[in-house]
Protein chains: 2
Amino acid sequence: MSHDTDIARSAELADALGAIALDSETAKHEQVRNRLIEVIELLQSGDRLPPERELAARFGVSRMTLRQAISGLASAGYVVRVQGDGTFVADPTISKSSELTGFSEDMAARGFRPSSRLLAISHVSAGAALGQELVISPEEMVFHLERVRMADGIPMCLETIDLPARLTPGLDQQPLDQSLYEILRAVYGIELFEADQVILPTVVNQEQADLLRVPVHSPALIVKRIGYDKKRRPIERAMSIYRGDRYDIRMTVRRNPT
Amino acid sequence: MSHDTDIARSAELADALGAIALDSETAKHEQVRNRLIEVIELLQSGDRLPPERELAARFGVSRMTLRQAISGLASAGYVVRVQGDGTFVADPTISKSSELTGFSEDMAARGFRPSSRLLAISHVSAGAALGQELVISPEEMVFHLERVRMADGIPMCLETIDLPARLTPGLDQQPLDQSLYEILRAVYGIELFEADQVILPTVVNQEQADLLRVPVHSPALIVKRIGYDKKRRPIERAMSIYRGDRYDIRMTVRRNPT
DNA sequence: TAGTGGTCTAGACCACGAC
DNA sequence: TCGTGGTCTAGACCACTAG
């Protein structure tokens with residue numbers, strides 16, 4: 001790396017770091033984190049970040065607060081910290097980590113335009129198995145919906161979702177060709193926080209093959225998921241079948257993600 | 001929850017928290033973390049942990065240090081923190097998170113006895129594709145090994161691994177029916193830190209079917225992985241084919257794993 | 001040796017939830 | 001209201017890495 005490049009970088013950095021107005025609504029470490037992401041996007045992978053003490057001074061926060069921000073970035077895979085040396089912009093990885101994302105986000109991140117076709121929606125009682133998974137009475141009503149999810153208009157996955165109707169009254173009046181997670185958030189104030197997932201392989205049957213426009217018995221991935229909110233109350237049970245020829249699951253896993 | 005139960009819990013807790021001898025080798029927050037894990041294992045899911053201030057006093061550390069320990073436990077899924085209320089033992093989840101684990105650990109965690117059969121090992125030049133993935137010259141030598149991995153003696157997966165021979169001289173003299181990761185660590189001082197993975201569905205061909213003892217064209221999962229050390233130097237390329245009837249991939253994913 | 005990140009302290013105040 | 005976890009500070013010393 002040439003000296004000139006370093007100087008050019010420094011100038012960019014100074015720009016990006018200048019004039020920070022911290023508002024009082026958001027936690028400081030979060031504001032700092034967001035500022036740092038902007039800075040990182042100006043740099044290239046492998047570039048060294050300014051020392052923590054200097055960054056803290058520039059942002060006008062204590063070093064502990066600055067470190068809290070950087071810790072978030074490190075665990076999200078943006079930067080790598082090396083004791084005794086410095087903090088460096090990480091290589092772009094396949095995915096930042098294995099996060100909980102909806103289909104819409106997932107596809108958008110891969111550069112496709114997501115869309116949906118609603119196949120069916122019904123309002124039925126949960127029954128024993130589903131009731132147990134969602135921790136509700138078997139008699140309680142749920143919305144059951146089936147969709148084809150598409151990327152750039154190409155069918156990618158068949159999705160079956162069940163949600164307690166109590167949590168989402170009038171869900172059948174919503175535009176279900178859009179992001180369900182977005183509807184949950186905006187209309188019902190429900191935020192999915194975590195999910196337990198199981199991934200298995202299968203081959204598609206005739207009906208699934210027709211919907212996905214692949215040959216019968218093509219390999220496919222089944223993803224079963226139970227989604228929870230922040231207090232680990234079950235929100236949804238989902239089962240998705242992804243065509244194997246155009247979809248894969250990518251993730252970065254780490255040792256001891258403490 | 002009855003009052004009696006609370007009292008009984010308190011007694012257990014007091015026991016578990018008593019007499020802590022901190023050694024100076026390990027970081028305090030790590031020692032505290034390990035002690036807390038012992039405490040948590042005595043409790044049941046949903047039980048409330050003592051307040052941070054009290055725990056800090058008991059362990060003889062500052063509250064910040066105690067919080068660092070609890071943060072680790074929270075992100076690893078052991079506990080859930082609720083502002084204004086308390087910290088609670090988490091429900092046992094399907095898996096604590098999606099961590100980087102070897103087959104041996106993975107199987108041991110599920111309660112099976114892992115074993116391996118070495119099918120082949122060779123010492124060849126990397127070639128173009130592998131060279132690019134491991135960021136080495138196409139002419140550089142690699143060890144190429146193929147194994148059948150078993151759980152309680154039942155074939156679960158076919159594994160193909162390539163490693164730069166420069167990093168692991170004499171690997172072909174090692175007992176490769178055991179954990180490769182353990183050999184890497186103990187013999188070569190190489191610690192895998194993170195890996196990029198891709199998961200896809202497939203169906204097994206005749207040869208794979210024979211080795212896995214499943215019918216030909218059975219569904220299976222392919223897991224492709226490139227493993228890196230802490231400095232993100234590529235260490236291994238692995239491809240595993242898991243039988244779909246007895247194996248699935250389980251994980252807990254979270255929103256914004258900051 | 002100098003500079004980096006890693007740890008740790010002893011306070012302080014705030015935001016939130018249960019009562 | 002009170003107790004909880006969440007944030008933040010201004011220092012201090014340690015462990016490690018580069019030169």
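Convention: sequence-line order gives letters A, B, ...; per-chain numbering from 1. As the structure is a computational prediction, the values presented were derived from the model and not from experiment.
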Between the axis at one end of the helix from dT1(C)-dA18(D) to dA18(C)-dT1(D) and the axis at the other (five pairs apiece), what's the angle to 10 degrees?
10°

So, using salt bridge (charged side-chain N to carboxylate O under 4.0 Å, His left out) as the criterion, who are the partners of E140(A) when residues are at least two apart?
R166(A)

According to salt bridge (charged side-chain N to carboxylate O under 4.0 Å, His left out), who are the partners of R233(A), at least two apart in sequence or on a separate chain?
D229(A)

Identify each atom pair where a protein N or O and an N or O of nucleotides 10-13 of chain C are less than 3.5 Å apart, giving names and distance.
from    : atom 1 : to     : atom 2 : distance (Å)
dA12(C) : N6     : R63(B) : NH1    : 3.4

I need the full list of salt bridge (Lys or Arg N to Asp or Glu O under 4.0 Å) pairs touching residues 79-90 of chain B, with sequence neighbours left out, sorted by first then second residue.
R48(B)-D85(B), E52(B)-R81(B)

Just to confirm, is there a sub-4.0 Å distance from OP1 or OP2 of dT9(C) to any side-chain nitrogen or oxygen of T65(B)?
yes

With sequence neighbours excluded, tell me which residues meet side chain to side chain donor-acceptor pair (under 3.5 Å) with T101(A).
none

Applying side chain to side chain donor-acceptor pair (under 3.5 Å), name anything that partners E182(B), two or more places apart in sequence or on another chain.
R185(B)

Look at R67(A) and dG6(C) and indicate whether a side-chain polar atom (N or O) is within less than 4.0 Å of OP1 or OP2.
yes

Non-neighbouring partners of R225(A) that pass salt bridge (charged side-chain N to carboxylate O under 4.0 Å, His left out), sequence neighbours left out:
E236(A)

Residues in salt bridge (charged side-chain N to carboxylate O under 4.0 Å, His left out) with E30(B), at least two apart?
none

With no hydrogens and no angle check, is any side-chain donor or acceptor of Y181(A) less than 3.5 Å from a backbone partner on S104(A)?
no

